[in-house]
Protein chains: 2
Amino acid sequence: MQHKPIHIIIVDDHPMVIEGLKTLLSDDERVRIINQFMNGTDALVFLEKNSADIILLDVNLPDINGVEMVPKILNIRANIGVIGLSTYSEPSIINQMIRNGVKGYLLKNVTGDELINAITQVHQGNFYFGSEVQKILADSVTQESSDLPKLTRREKHVLTLIADGKTTNSIAEELFISPLTVETHRRNLMQKLEVPNAASLIKVAVEKHLI
Amino acid sequence: MQHKPIHIIIVDDHPMVIEGLKTLLSDDERVRIINQFMNGTDALVFLEKNSADIILLDVNLPDINGVEMVPKILNIRANIGVIGLSTYSEPSIINQMIRNGVKGYLLKNVTGDELINAITQVHQGNFYFGSEVQKILADSVTQESSDLPKLTRREKHVLTLIADGKTTNSIAEELFISPLTVETHRRNLMQKLEVPNAASLIKVAVEKHLI
DNA sequence: ATCAATATACAGGAAAACCAGTAGGGAATA
DNA sequence: TATTCCCTACTGGTTTTCCTGTATATTGAT
């Protein structure tokens, strides 16, 4: 079905992992590992001159953060499919990786079949995330949205206006209410979200996806 | 290969779109549309009593925002695959949808083949995003990370402390520098990010992934 | 060695935010 | 009907931020 093998680069600072991946992929003729690197810089230098189809990218590299690696890779060669790899998985890390453009994400306890599956899927332009990864992502969503204090409509509205950098007075004008009322709303918001000022108010609001 | 058809629910307030989807899916025996709704509330009520495999969910519903629909659906039935649908696509919307747990996202100019493909992929537990959608997401990343003003280490540090709700004085104590210096840093930050106060400073900082 | 960027620091004053407590009217609800 | 929640509004005071402008020692780069 497929004539040319998929060209793969491995970036991981653990020799053991590299060997493991090699073993898992060695039997399959659809893929070929064309190079491997123990750090991010070397990989980027290589990519300036050469290309590949898929990069298996460890998240914890000695020199460059895996999260930061992804845009760097895609800046050099936008059509490479980057698949993130890590031993355990922080939801926020995975989210950042996805936002930065990884097409797949796997834990290192991945089976050979799943690995091949991920590689072929990503090579075809699809996304692939291991089932554990999906579970982690799903959990993180429900967890975040769990203990969010209930804000009233008015409070949400005021909140977004504060986030836009509006002052109490201009908010009051915009909503045709007294500045004193706006202050009350702001105070209630800070109390509900348990923060001491508007800056951190916005921070937790963004974190909890309230705005 | 597959005996039971995949059960599908359509949620969209445009009759035309519903008919279009029906036509695209009518020939295929692998899928079966079991119900359709013109608004979010009706769909949620239905899901309380019945289930489905896949939901094709329009983002612009009359009653409930599509983005908010996703967690509601998954709270009722976690194993439903939600595929987002929209005519045109705001990157931020798609990002929110993904974070909230959609497994796929398509534009409404989707072909029958791609639609079937997305449905089967998602039903198998994979993700599926149309190529245009992927392009939009990729563009949004490079765009966001493009014009970010360069912050110095010290400024970044001060920025995170501001985000934590610390006052100028406490930051000064923590960094063993004068409060006046901290103020200068804050001022420079606001100038660089072109915002009028600390609240919106934090907002754009989060948006641009600076903290 | 020189120039640019960074981190540091200050003055003086205006504006806004923050704190604590109170309170009335309206809508929803029990 | 009573109660609770929401939105509204106020007093009076303290703290912090924000503005404008200046300035110096240190570091990094050319």
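Chain identifiers are assigned alphabetically (A, B, ...) following the order of the sequence lines, protein sequences preceding nucleic acid strands; residue numbering begins at 1 within each chain.
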Any side-chain N or O of Arg186(B) under 4.0 Å from OP1/OP2 of dC18(D)? yes

Do Lys108(A) and Asp12(A) sit within salt-bridge range, that is, some charged N less than 4.0 Å from a carboxylate O? yes

Within this structure, what is the CD1-to-C1' distance between Ile162(A) and dC18(C), rounded to whole angstrom? 12 Å

Do any side-chain nitrogens or oxygens of Thr168(B) fall under 4.0 Å of OP1 or OP2 in dT17(D)? yes

Between Thr152(B) and dA7(C), does any side-chain N or O lie under 4.0 Å from OP1 or OP2? yes

Should we say atom NZ of Lys156(A) is surrounded by more than 12 heavy atoms from elsewhere, each under 6.0 Å from it? no

For atom CG of Leu189(B) and atom C1' of dA7(C), their distance in whole Å: 13 Å

Check this one for me: any side-chain N or O of Thr181(A) less than 4.0 Å away from OP1 or OP2 of dA9(D)? yes

Using whole Å, what does the distance between atom P of nucleotide dT8(C) and atom CZ of Phe176(B) come to? 13 Å

Out of dC7(D), dA7(C), dC18(D), which nucleotide sits closest to the side chain of Arg154(A)? dC7(D)

Any side-chain N or O of His185(B) less than 4.0 Å from the OP1 or OP2 oxygen of dA7(C)? no

Rounded to whole Å, the CD-C1' distance (Gln191(A) to dC6(D)) equals 15 Å

Grab the NZ-C1' distance between Lys150(A) and dT4(D) for me, whole Å please. 14 Å

Heavy atoms from C-beta onward define the side chain here; which of dC19(C), dC6(D), dA9(D) lies closest to that of Ser178(A)? dA9(D)

Taking the six-membered ring for Trp, are Phe129(A) and Phe127(B) parallel (under 30°), tilted (30 to 60°) or perpendicular (over 60°)? perpendicular

Between dC19(D), dC10(D), dT16(D), which one does the side chain of Asn169(B) approach most closely? dT16(D)

With respect to the side chain of Glu183(B), which nucleotide from dA17(C), dC19(D), dA7(C) is positioned closest? dC19(D)

For Asn197(B) and for Leu180(B), locate the closest nucleotide of DNA chain C by heavy-atom distance; then report the residue assigned to the nucleotide nearer the 5' terminus. Leu180(B)

How many whole angstroms separate atom CG of Leu175(A) from atom P of dC6(D)? 18 Å

Per nearest nucleotide of DNA chain C, the residue lying toward the 5' end, Pro179(B) or Thr167(A), is Pro179(B)

When the distance from CG of Asn188(B) to C1' of dA23(D) is rounded to whole Å, what number comes out? 14 Å

Under the criterion side chain to side chain donor-acceptor pair (under 3.5 Å), which of His123(B), Lys103(B), Glu114(B) is the partner of Tyr128(B)? Glu114(B)

Check: dT20(D) base within 3.5 Å donor-acceptor of Arg187(B) side chain: yes

Qualifying residue for side-chain contact (heavy atoms from CB on, under 4.5 Å) with Leu115(B), from Leu85(B), Val31(B), Leu24(B): Leu24(B)

Glu194(B) CD to dC19(D) P, straight-line distance once rounded to whole Å: 13 Å

